[in-house]
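To start, the structure under review is shown below, and the notes come after it.
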Amino acid sequence: MLIDFSALSPSRIYFTMIQTLLPRPIAWVLSDSGAGRFNLAPFSYFNGVSSDPPLIMLSIGHKPDGDIKDTRRNIIERSHFVVHIPHRELAEAVTESSRVLAFGESELQRLALATVAFGDFPLPRLADCRIAYACECHQVIEVGDAPQALVLGLVKAVYIDDRIATLSDSGRLQVDPLALDPLARLGGDDYGLLGGTVTIKRPR
C-alpha cells in the first residue's frame, strides 16, 4: 500500500499519521489557567528535542470549535507547565482528561487527582505520576494553515520516583522501564503497554 499525502485531506493525513507513528509517548500536561485553577490534558505528538539546552516538544492544535486549546493558551500566557509520563493504571484518567471542557474548568477536580509541591517550581505535579518535568516555555512556533503550535519547553527539573530508578557507582541514572510501566499512544482508542525490553550493545 502506497499512500500519496497530496491526495488526502488534513484529517485523513492525521489519521494515517497516528496509525503509523507507533508507539507515541504521552505528555500529560498540567498548566495554569489562572485564579488557582489548573488544566490537565494529554498530548501524543510529544518527544525530546535536545539536551543542551534541555528541550521537549509538544504539538498542540485546536478545539473542535476552532479556538486554541487551553494548554496552549495557558503556556503562552503564563509560561510554566508540567509534563507527566502516565502509567498503565492512569489510562482511564488520561483518556477522560482529553474531554473538551469550558475554559477554566479543571480536569483535576473532575477526576479527583491529587497534586504535591514540585520543589520550588511555581506549579505542582500529579502525586500519582512516576516521572514529571518542570518546564518553562522556550518558544512557540506556528506550523501549517490551521495553524498547529509547536511548543518547545525548557526543562528546569525532573521528578523521578525513587522506586523506579537507581544511580550507578559512577552516578549514572538508570530508570527501570518496566517499573515505570508507561502508557504509549496507538491509533484510534488504543494504548500500548511495555511488555518487555531487549538489550543490544551499540557499536563503539
Side-chain angles (χ1 to χ4, degrees), residues 10-11 13-33 38-50 54-88 90-101 103 105-108 110-111 113 115 118 123-126 128-144 146-156 158-159 180 182-193:
S11 63
I13 291 174
Y14 168 75
F15 286 112
T16 303
M17 295 280 281
I18 65 170
Q19 291 284 345
T20 55
L21 285 173
L22 305 174
R24 299 187 308 280
I26 298 170
W28 208 12
V29 183
L30 183 148
S31 60
D32 184 0
S33 298
F38 299 117
N39 178 267
L40 183 67
F43 298 91
S44 66
Y45 274 15
F46 153 64
N47 222 310
V49 175
S50 64
L55 296 177
I56 58 177
M57 175 278 293
L58 305 170
S59 180
I60 306 177
H62 290 74
K63 295 180 179 181
D65 65 3
D67 195 10
I68 67 171
K69 290 189 174 181
D70 297 347
T71 299
R72 177 174 166 185
R73 183 192 308 278
N74 293 342
I75 291 173
I76 290 171
E77 292 181 355
R78 297 176 184 86
S79 183
H80 298 98
F81 60 104
V82 179
V83 172
H84 303 85
I85 304 297
H87 53 272
R88 180 189 311 244
L90 295 170
E92 289 190 12
V94 168
T95 303
E96 181 59 29
S97 69
S98 68
R99 184 186 298 274
V100 177
L101 303 177
F103 180 75
E105 188 176 349
S106 176
E107 292 82 2
L108 276 78
R110 291 185 75 252
L111 297 170
L113 294 169
T115 61
F118 199 167
L123 299 182
R125 60 176 176 84
L126 295 175
D128 288 339
C129 283
R130 296 165 185 163
I131 291 180
Y133 298 94
C135 301
E136 290 180 356
C137 183
H138 178 74
Q139 189 176 4
V140 177
I141 304 166
E142 292 192 345
V143 179
Q148 196 89 356
L150 184 67
V151 177
L152 299 180
L154 179 67
V155 179
K156 306 299 290 185
V158 59
Y159 163 80
L180 173 58
L183 279 177
R185 200 70 176 90
L186 305 177
D189 294 331
D190 296 333
Y191 290 98
L193 301 172

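With hydrogens and angles left out, the side-chain atoms of T71 and N39 include a donor and acceptor closer than 3.5 Å.
A donor-acceptor contact shorter than 3.5 Å is absent between the side chain of S31 and the backbone of F81. The main-chain N or O of L126 is found under 3.5 Å from a side-chain atom of H84 such that the two form a donor-acceptor pair. Here the side chain of S79 pairs no donor or acceptor atom with the backbone of I75 at under 3.5 angstrom.
Using cut-offs of 30° and 60° on the angle between ring planes, the pair Y14 and Y45 is tilted.
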### Query
F46 and V83: side-chain contact (heavy atoms from CB on, under 4.5 Å), yes or no, with the steps?
CA-CA 10 Å; F46 153 64; V83 172; 3.9 Å; yes
### Task
Before giving the answer on salt bridge (Lys or Arg N to Asp or Glu O under 4.0 Å), spell out for R78 and E136 the whole-Å C-alpha distance, their side-chain angles and the decisive distance to 0.1 Å.
CA-CA 9 Å; R78 297 176 184 86; E136 290 180 356; over 6 Å; no
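Contact annotation: the side chain of W28 approaches that of L40 to within less than 4.5 Å [non-hydrogen atoms, C-beta and beyond]. Residues I60 and L150 fail the side-chain proximity criterion, which asks for heavy atoms closer than 4.5 Å. Between V94 and L183, some side-chain heavy-atom pair lies under the 4.5 Å cut-off. Taking the side chain as every heavy atom from C-beta outward, S97 and L111 approach each other to under 4.5 Å. Side-chain contact check for K69 versus F43: some heavy-atom pair is nearer than 4.5 Å. Looking at I131 and L180, their side chains come closer than 4.5 Å, going by heavy atoms from C-beta outward. A 4.5 Å side-chain heavy-atom check between L186 and Q19 finds every atom pair outside the cut-off. Side-chain contact between Y133 and V82: absent, with no pair of heavy atoms (C-beta onward) separated by less than 4.5 Å.
Residues L123 and H80 share a closest heavy-atom pair of CD1-O, 3.4 Å. The minimum heavy-atom distance between C135 and I56, with the atom names listed, is SG-CD1, 3.6 Å. Closest heavy-atom contact between D128 and H87: O-CE1, 2.9 Å. Closest approach of H62 and P147 over heavy atoms only: CE1-O, 2.8 Å. Pairing each heavy atom of G187 with each of L22, the nearest pair is N-CD2, 3.9 Å. Considering all non-hydrogen atoms of both residues, K63 and D70 come closest at NZ-OD1, 2.9 Å.
In this structure, CE in M57 is found 11.5 Å from OG in S50, a value given to the nearest 0.5 Å. The CG atom of L30 sits 9.5 Å away from the CG atom of L113 when rounded to the nearest 0.5 Å. Distance CD1/I26 to CD1/I85: 9.0 Å, rounded to 0.5 Å. The structure places CD1 of I68 at 12.0 Å from CD of Q148, a figure rounded to the nearest 0.5 Å.
Summarising the local packing, CG of D189 is surrounded by 12 or fewer heavy atoms from other residues, nucleotides or ligands at distances under 6.0 Å.
Salt bridge R99/E96: present, at least one basic N to carboxylate O contact under 4.0 Å. Under 4.0 Å is where a charged nitrogen must lie from a carboxylate oxygen, and between D190 and R185 no such pair does.
Under the side-chain contact (heavy atoms from CB on, under 4.5 Å) criterion, P54 pairs with L154, V155, not counting sequence neighbours. Evaluation of the side chain to side chain donor-acceptor pair (under 3.5 Å) rule for T16 yields no partner, not counting sequence neighbours. Residues forming a side-chain contact (heavy atoms from CB on, under 4.5 Å) with V140 (at least two apart in sequence, or on another chain): I76, C137, A149, V151.
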